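Below you'll find the structure, written out as structure tokens, and then a few comments.
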Amino acid sequence: MLNLKFIQENPELVIAKLKKKNFDASAIVLQITSLSVKKNEIQASADNFKAEMNKISKEVGLLMREGKKEEANAAKKRTSELKDSIKQLDEDFAQIDKEVFNLQVLLPNLPSDLVPEGRTPEDNMVVRSFGEIPVLPENSIPHWELAKKYDIIDFELGVKITGAGFPVYKGKGARIQRALISFFLDEARDSGYLEIQPPLMVNEDSGFGTGQLPDKEGQMYHATEDNLYLIPTAEVPVTNLYRDVIVDVKDLPIKNTAYSACFRREAGSYGKDVRGLNRLHQFDKVEIVQIAHPDNSYELLDEMVAHVAGLVEKLELPYRILRLCGGDMSFTSALTYDFEVFSAAQEKWLEVSSVSNFESFQANRLKLRFRDEATKKTVLAHTLNGSALALPRILASILENNQTPEGIRVPKVLVPYCGFEMID
RNA sequence: GGAGAGAUGGCAGAGUGGUCGAACGCGGCGGUCUUGAAAACCGUUGACCGUGUGAGCGGUCCGGGGGUUCGAAUCCCUCUCUCUCCGCCA
């Protein structure tokens, strides 16, 4: 959520910047600024009436104590009129305040100046490519067939007990999942992240805090009986740890990591994109989250990108890093780098990580602040997060890229975690 | 699931209709003392909105919402949440 004062003071800038996200904000911004003027006028007169009311109440109290009942009753007479005015003004204020808020949440985050122009994924900017695209042996097959061949992932069994998009991992399939999780968490810890094990369900306030609610309500599984949501990513609980908190500036940056299962309804997805491990309703992911000082949040974003790059390189997977264009960015992000690994048998790039700086967009919803040492005022912190990493597509490309006639070779770095070198 | 208790500032915890935004304590910050630190002592210490160049001024907030009253942390209604005991149970 953009800061209201900022919108009021920089309406043209907001409109201009959101153009890059292909979002025409002019009507909303205009409404917000004109409603805000009205809102302030209402508050000014309501505050005046309230001040008068408070004064009278105090006087009545004093007169009563002195036993001057007549005078007290005379003073009371003025109040009923004031009360009505106050009530009316408070109602008007609440109404207009809500209108402003409802408009405010419609505005996406402003893209950073680094964000390239563009509308579609084709317009994303490749900022780095790494590794050779492997040449696969004859008769190589996509990961869903490999999974069946070596009996490590059973998609049909998942359909039976739950539904499509809920695979069952078996034997070495289950073990390599566990290995990847441990590997990612250890790497994060080595980079200074504190490991968190968060709840997998969150309440409405948390959903709002990180921006899933109200707009993306349909993408989360909702346990209506208790009004809780299954998390789509550990970003939600881990970032919400700091909701309504004024953190100590000395503690910044705060670096947390968490493994969690992630649940996504993926309403609207279809076709070859959902084949095998490409898109699931439940998957595993290790997330990294930072709470940062605005002065260095972009340096920290680069640091996070470097961390993720290190992971993919250690797994010996060819990858590229994209800087997302305005049209392909999420609602809440100011700058996003996507990581894609090459899936050799499918012959396509698969997104395995998304690393973003949200600047103060989430923090404004979360009321996550720190106190500026010079001015002594509270300032919104910056929040950042990234997948480090999401498992399914990583596993898909490991399976496909490392297939040999003898079986699937496990990346060296994972062998100590797995306890085996080949899936065969 | 049954019964009861409770929700107050960063924490702990008073306050049951009128100078209460809220005592005391802890913590934090500043100072005295000290070579330095600790201890001790003194002082200070909530958030948000509006307004003003600023000092300031005004307003709101004692879990959420509503009500009674000239006046509510305090009384009434309602919702939510937490804790304790019993039952069930990984």
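Keep in mind that what you see is a predicted model, and the values were worked out from it rather than measured. Order of the sequence lines fixes the chain letters, A, B, ..., with proteins taken first and strands second; residue numbering starts at 1 for each chain.
- As a whole-Å value, the separation of A:F101 CZ from B:C49 P is 14 Å.
- In this structure, of B:A47, B:G50, B:G71, it is B:A47 that holds the atom nearest to the side chain of A:T378.
- Ring orientation note: the planes of A:F361 and A:F331 are nearly perpendicular, at an angle over 60° on the 30°/60° scale.
- Straight-line distance between the C1' atoms of B:U78 and B:C26: roughly 36 Å, to the nearest whole Å.
- Each of A:Q8 and A:A46 has a nearest nucleotide on RNA chain B; the 5'-most of these lies closest to A:Q8.
- OP1 or OP2 of B:U60 sits under 4.0 Å from a side-chain N or O of A:N54.
- Evaluation of atom-type donor-acceptor distances gives no pair under 3.5 Å for the side chain of A:D47 against the base of B:G59.
- In this structure, A:R243 places its CZ atom 18 Å from C1' of B:G10, rounding to the nearest Å.
- Note: NZ (A:K377) to P (B:C49) measures 10 Å, nearest angstrom.
- The C1' atoms of B:A37 and B:G64 are separated by 48 Å, rounded to the nearest whole Å.
- Rounded to whole Å, atom C1' of B:C81 lies 13 Å from atom CG of A:N227.
- A salt bridge is defined here as a Lys NZ or Arg NE, NH1 or NH2 lying under 4.0 Å from an Asp or Glu carboxylate O, and A:R78 with A:E59 meets this definition.
- Ionic pairing of A:K170 and A:D151 is present here: one or more N-O contacts between side-chain nitrogen and carboxylate oxygen are shorter than 4.0 angstrom.
- Both the sub-6.0 Å distance and the 45° axial angle are not jointly satisfied by A:R264 relative to the ring of A:F283.
- The side-chain tip of A:K172 points at the ring of A:F420 from less than 6.0 angstrom away and within 45° of straight on.
- Counting only distance, with no hydrogens or angles, the side chain of A:S191 and the backbone of A:E187 share a donor-acceptor pair below 3.5 Å.
- Considering all non-hydrogen atoms of both residues, A:S354 and A:S387 come closest at N-OG, 3.0 Å.
- As rounded to the nearest Å, B:C29 and B:U35 have C1' atoms that lie 24 Å from one another.
- Atom P of nucleotide B:U80 and atom CG of A:D205 are separated by 15 Å, given to the nearest angstrom.
- Comparing the C1' positions of B:G9 and B:C20 gives a spacing of 13 Å, expressed to the nearest Å.
- Taking 4.0 angstrom as the limit, A:K376 places none of its side-chain polar atoms (N or O) nearer than this to OP1 or OP2 of B:C29.
- Remark: A:N40 is in phosphate contact with B:U51, judged by side-chain N or O atoms under 4.0 Å from OP1 or OP2.
- Using P as the reference atom, B:U74 and B:G87 are 38 Å apart when rounded to the nearest Å.
- Across all strands, A:A75 comes closer than 4.0 Å to no nucleic acid atom at all (heavy-atom distances).
- Rounding to whole angstrom units, CG of residue A:D244 and P of B:G64 are separated by 12 Å.
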Tabulate protein N/O versus nucleotide N/O from nucleotides 16-20 of chain B, keeping only pairs under 3.5 Å, one per line.
from, atom 1, to, atom 2, distance (Å)
B:G18, N2, A:S57, O, 2.8

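- With the 3.5 Å cutoff on both pairing distances, Watson-Crick and G-U pairs in RNA chain B assemble into runs of at least 3 at B:1-7 with B:80-86, B:27-32 with B:40-45, B:46-51 with B:56-61, B:63-67 with B:75-79.
- OP1 or OP2 of B:G46 has not a single side-chain nitrogen or oxygen of A:R371 nearer than 4.0 Å.
- B:U68 and B:G13 have their C1' atoms separated by 30 Å, given to the nearest Å.
- Under 4.0 angstrom from either OP1 or OP2 of B:G50 there lies at least one side-chain N or O belonging to A:K5.
- Looking at which nucleotide of RNA chain B each of A:K50 and A:F93 is closest to, the 5′-most match is held by A:F93.
- If you take atom C1' in B:G1 and the same atom in B:C88, they sit 8 Å apart, rounded to whole Å.
- If you take NZ of A:K87 and C1' of B:G59, they are 20 Å apart, rounded to a whole angstrom.
- Taking the P atom of each, B:A3 and B:C75 are spaced 25 Å apart, rounded to whole Å.
- Rounded to the nearest 0.5 angstrom, A:N385 CG and A:T210 OG1 are separated by 9.0 Å.
- Sorted by first and then second residue, the pairs that involve residues 234-250 of chain A and meet salt bridge (charged side-chain N to carboxylate O under 4.0 Å, His left out), not counting sequence neighbours, are A:D248-A:K250.
- Ring centroids of A:H293 and A:F370 are separated by less than 6.0 Å, placing the two rings close together.
- In this structure, the CZ atom of A:F49 is 18 Å from the P atom of B:G58, given to the nearest Å.
- Looking at A:I153, A:I152, A:L157 one by one, the single match for side-chain contact (heavy atoms from CB on, under 4.5 Å) with A:P167 turns out to be A:I153.
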